[in-house]
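Please read the structure below before turning to the comments.
Both backbone and side-chain heavy atoms feed into the values below; hydrogens, waters and symmetry mates do not.
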Amino acid sequence: MPATRGYQQEMLEESMRSNIIIALDTGSGKTHIAVLRMKNEVERQPTKVSWFVAPTVALCQQQRNTIQTSIPVSVGIISGSLAPEQWKNAGLWREVLRRHRIMVTTPQVLLDAMRHGYVHLGRDISLLVFDEAHHAVDKHPYNVIMDEFYFRLPLQTPTLSLDIARPTILGLTASPIYGGNVVKAFQTIENNLDSVIRAPQRYRMELAKFVHRPVFRHILYAPVDEMMPPFSTNLASLLSVIRTLNIEDDPYVRTLRQQLAKATHGTSEYSRTDQRLSGVIFKENTFTHRGLRDFARTAEVILFDLGPWAADWYVWQVLEKAKHAANPYNNVISTWKNSEKTYLLGILDKIVVSPVSFYPDDIADDSSDKVRALIDCLLSEKHDTETENESYSGLVFVQRRDAVLALTEVLRHHPRTKGLFQLGCLLGTSDNSRRHSFLDITRTLIKEPQEEILSDFKIGERNVIVSTAVAEEGIDIQACGSVIRWDPPTNMASWAQSRGRARRQRSTFTLMFERGGNHQKDIVKWVELEQQMVALYNDPSRELETLDEVTVDDEEDDVEFRVTSTGALLTLHSAVSHLAHFCAVIPTTSHVDNAPLYDTEPPELPEGWHSYQPRSKKSVIPYPGPFGSKVTLPRCLHLPTREFSVGLEYKTRISAHRHAAFKAYLALYDAELLNDHLLPITSVVEPQLEDEVKALLRDVEKRAGFANVSIQMDPWAPEEDEDCWRMYVLIIDTLPPLRLLTRSGHISLPEDKGPLLYRSGYDPLQCYIKPAGVLSLTDTIVVQAQEYTRRLFWSLNGSRMKWDNLDFSYLFLPIHQDADAQWETRRTWLTEINRSLNLSHADEFFANGETFGAEYLYPDDIAIVRNGFQFAKGYHFVRWRFEVLSPEEEVEFRENYSRFSDLEITYPLLVVEPLPPRTNFLIPTPPPTGPPSERKTILLLPRLSSIVLLSKADIEYAFLLPSVLRSVSMALTAESLRRTLFIGTPLFDIPLPLLITATTAPVSGEKHNYQRLETLGDTVLKFVVGIQLIAEYPLWHEGYLTKRKDHAVSNVRLAKEDIAKGVYRWIIRDRMLGKKWKPMYLTNQDTMDTPADTTTENDIEPPQNESGKSKKKPKQRQELSTKVLADVIESLIGAAYIHGSFDLGYECAKFFDLGLKWAPLQTRIESLLLRIETHDNLPRQLEMVEHMLGYTFQRKHILIEALTHASYEQDPHTSSYERLEFLGDSVLDMVVTDFLYHAPGKNYSPGHLFLRKSAMVNAHILAYVCLRTCVQIDAAMPGPSPDGHIAFQPDTHLVYLWQCLLHSSPRVLEDQANSHARFMKRRDVIEDSLRNGDIFPWAELTRLQAPKFLSDIIESLLGAAFLDSSGNLDVAKSVVRQLGIMQIMEHIVEKDVDVLHPVSRLSLWAGKHDRELKYEYEKEKGNVSCIIMVDGKEEVRQTDVYRGLASQEQAKFLAAEKAIKMFRLRDVNMNYTLMKRKTTPKKKKSKKNVQKDSKEPNGVNA
């Protein structure tokens, strides 16, 4: 922080005592004083913030940087440019106030935050700093903040400390007044800010050392000779064409006349259109006519101010830019409509202009004397500065934006200045009035961004800037040596602010005056006013005085509404903007402006004035008042009334409009369409949900290690209060039956429900389990079963078991134990040998092959042989080989035992073959793709091998039982879910197989997982929730409904409900990897990270260290994602729907709450039907539409609403179709998804379901259906018959569905006609593809370029039919079939039509092959080209005529199609899942990693 000067300390101390406005010249360090004051406040006040407000975004950013550099606290900044929608959240504001000690904002942001109750001035803010405080007058936000909030707070006094009180005020300004009466101006600003204007007293002399007042100069220039005014050829050509224009030719006037002709006399639409037409003709203020007049006026000003060359250049440049922008295929200015562009382009083509000459003499001769005087001044100032060995920098202030551009161009090319000055121009942002005007085109003349120009000026790359008032205040621009005002300052503040930019030592401030003008007198007056002003704020005896009289507009300031709970405030001045914002955030419909419509009472012009002949403007006598107003809200709002009126009682039209807007906004609040912050319900009730879910997740993590430890329930855990073993009989087809003992819940796997076990090359084995009673914990059968279970699993899995632990979670024992007598004898023999050799239990069932063979005469009932001892690699026994090896066989045999030198080969040898790689026998084996491969056998030396002493039946069980246990554990898990969570609910009836599928995550690797059910459940959930919402909130528009539905069905919300209900405990997400399988135990288990008989997908082999030994690695544990949690909820809803249709699907969704109010679907439908009004005046097309749909409506008003576009103004009572479209969207999704899910013989994966559904519900195909749907009507007309008589001649006429839309929009009409023309051209190709093709016609459908309202019609009609039929989905299905959608879908399914979107196909290909894919666009000569870049290289280019974004999208489609053909990616039968999978090169096995299985007999077992 820089050192504090004495006068700054003086001002700081005074600001600590009372509210003051510091008046100091620019460059004196006012901001430093404010920083010191905020630093003191931060240290003094720990709970409230200091708030710094500045009038512009640029100034906010500049001051925030200064504050943050100087004070070690968090400084927040908010402006309207920083994504304002995100600040419509109370929680966000609370967090901002908690995190930051200082806030920097524009005043409007703070005012809005306080009006909406997000910030409380008295509770949250202790210090309020106003930068450029002289703005605090009239209705500026500075003044409104003080008036609406500050003065309503109690005073904070030294003796009484209040939690809610007025904050301290500190103002900063270089010029406290704009002009006029200094005393009164001081009183006004001081009263408005409750502060006294002050300047330093004790350190005034020190201040003079740091403030360098510039030398004031003036230059004179000759006025324009009125007898010989300057002449511009280009301007004359422009004016001559403007004089020929007729307002009646303007497309806007023609459109209004067409609308008026269709409107019904006496309706609001007729009156509004009539006034609009009369007004636009009266004022001639259409886009084109007003714009060209403004253009000509501006050029005239430039002509008289700068001279003919500048005017010619300006006209020529603007016309060139305008012609480019007016091309209908360009989108340079997005606010220009195509009809306006076409009309304007026709006019511009008539204007003959010439490019300007850049010859030095031509420029000099055709420049004004004012330009000469400016150049003289610039050259003189530059010379004087450089004489002092300083670099020159200058600012030229110009009032008009366009003059800045022209003057910069003149100075850049004038022979006296060219090359001497490095020029830049600053315009700031254009105001709103220009953003929708013809002259908005001038912003395209600026080549460099403002930030670059300022940066160049600071570092000396530019030395002269020509600027509008944007550089007077609020821009961080360095001190200049020379400031010149091309135009005189408009007020006292402008004079002081621009002069303050010249604050170098020996700087100058120069004003340009016309000889004989009056501006010099104004300057003398301002100098005198400034002297009075300085004298006043230097008077230490002054105190704050109250104004004797304050002008109060009694119509404006006495009406307000405050929400008690939040403090949000609605005033007359905020009502209009609030209402405009509410309507602006309503989702837009094609060609509909949702802005509120205001009608003045009485009308401004007589009805029909536009038709008067002749029309005389003089005959229109201005009406002096009083005025009334009516505001009409958009048709998509389902309100009891959308019109709000106030009577003829207000002095001005704007006052009447404010009162009408106030009344309408209150009605929106009463209808619960606004929250308690008086804002649209953008977060739709649940803005805190995300934080709430995160908190819940953290809580679960604390309780169960949620993020790092699996919390899946243990299905084998003993049931509470049961000290017994449940006994079952386990039967696996041809194997001898086993007893199964468990301590867990009841197992139910009857013969028809048990799992199938799939073995490669064999028929599946049917497995089932039946109850067989209970046993005590100490029963002898239990002891025998423990021994048998250990023996069974030890033979294959002993390396992962502890010998002494017999406390298995499940036990097995053959029912007929005598069948194993022979093997029991052999095991007894081995036990005695091992005991004599003192061998460990690891060798309990593994006999040396040579010894065993000799003892039992080489039997052939062996099952498993290990290539070594203990747990070496196992093989299937084939036979004993007594034949001597051939020389070739011996060479290969010795290579396998190469680690043994001088190996002695003894006979017989063991012939074995590898074990099958499969371990999870629940997964079906894939069908063979070729002839069976030859079985490969291996030869082993018996003395280096071991025989597993288990029978073939036991070995078969050892292989199969892990899969059986897996199936049982999944059944137990699902049964536990049913009996724990669903007991006493309708969900208890969901069949166990469905529940198992619904809770099995894809990561488990099982045959069936929840993905298909989740896809179905997602659609069911959205359908059910949509009906709940549309009935619960009858006044909500489609935007609110969509957002609320999105919240209710979001993954975050579903995950929250999953956690709340504890469903996560029953999600089966562990993977069974048989090679690492081990049995589960009842005791001495650590916190269960995975079931012992399974592993997670992250459970991997331990890494090797440099020596090749295993390095111990922490266990990899599962994590639960929000998506998995949400998916299971949706899959359970899908399972409920499969078992019990919508009734059970509804019960399941209701069970999980989702933060909604629930009622049965039929109840919801009935409540919607009760609100349907009757309609007397039925449109003629209803009967035809019913015929097209194959359904007759009982309630015709529903059909009328389904056909009513938001632009329709004939019937003020019927709402537009958006809500029915919202309903129909869910209905169509439900019909399509249900059909695809149950498609016979397909069993589509989720990816394929999504692809086919996307093909059937996208806007392109629905628009096509709308365009083709029609009915043939009788169009017979009288005519001569063959016998000469006049009789009706038969004829027919086609009426299309799109023609039945009720609308009042010429653009809709134009779009309908154009879309129909494109449809007729492409109909046959598309229809043939949809009926017979094997590729979905994406490209052809896209070429229709159909507007969205065509697809909206289909969805709204589906919603209407569903609603009118009391929620009968079969009726909706019949309508879908009548429209031909079902037939298209059936063809797609039956013929396996390739529906993959071309762009998606290309993206999948690129992802699979690690290619970088990029789409680039080029626009040139009315065309748009889409270029497909692959790895930075252009591969495909597709060019099309540019007609807006639709044609750009079409070019992308065609380019993708071309690339697919080029890369030969088209494969109708392509597997979508495989296409997504990346191709990775197979890694070659390193010889170092080849493990040898055999070991010496006394070696360490693997």
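In summary, the aromatic rings of His578 and Tyr665 are positioned with their centroids under 6.0 Å apart. Here Tyr1264 and Phe1319 bring their ring centres to under 6.0 angstrom of each other. Separation of the Phe358 and Trp309 ring centroids falls under the 6.0 Å cut-off.
Taking the charged nitrogens against the carboxylate oxygens, Asp487 and Arg400 have no contact shorter than 4.0 Å, which rules out a salt bridge. A salt bridge links Glu248 to Arg257: at least one charged side-chain nitrogen sits closer than 4.0 Å to a carboxylate oxygen. Salt bridge Asp250/Arg290: absent, no basic N to carboxylate O contact under 4.0 Å. Taking the charged nitrogens against the carboxylate oxygens, Lys663 and Glu643 have no contact shorter than 4.0 Å, which rules out a salt bridge.
Ring geometry for Phe582 against His1037 counts as perpendicular: the plane angle is over 60°, on a 0 to 90° scale with 30° as the lower cut. Using the six-membered ring where Trp is involved, Phe282 and Trp609 have ring planes that are perpendicular, over 60° apart on the 30 and 60° scheme.
For the atom pair SG of Cys636 and CD1 of Ile586, the computed distance is 4.5 Å after rounding to the nearest 0.5 Å.
Remark: Tyr623 pairs with Phe627 by the ring-ring contact (aromatic ring centres under 6.0 Å, His included) rule, at least two apart or across chains.
For the residue pair Asp402 and Tyr314, a side-chain donor N or O sits within less than 3.5 Å of a side-chain acceptor on the partner.
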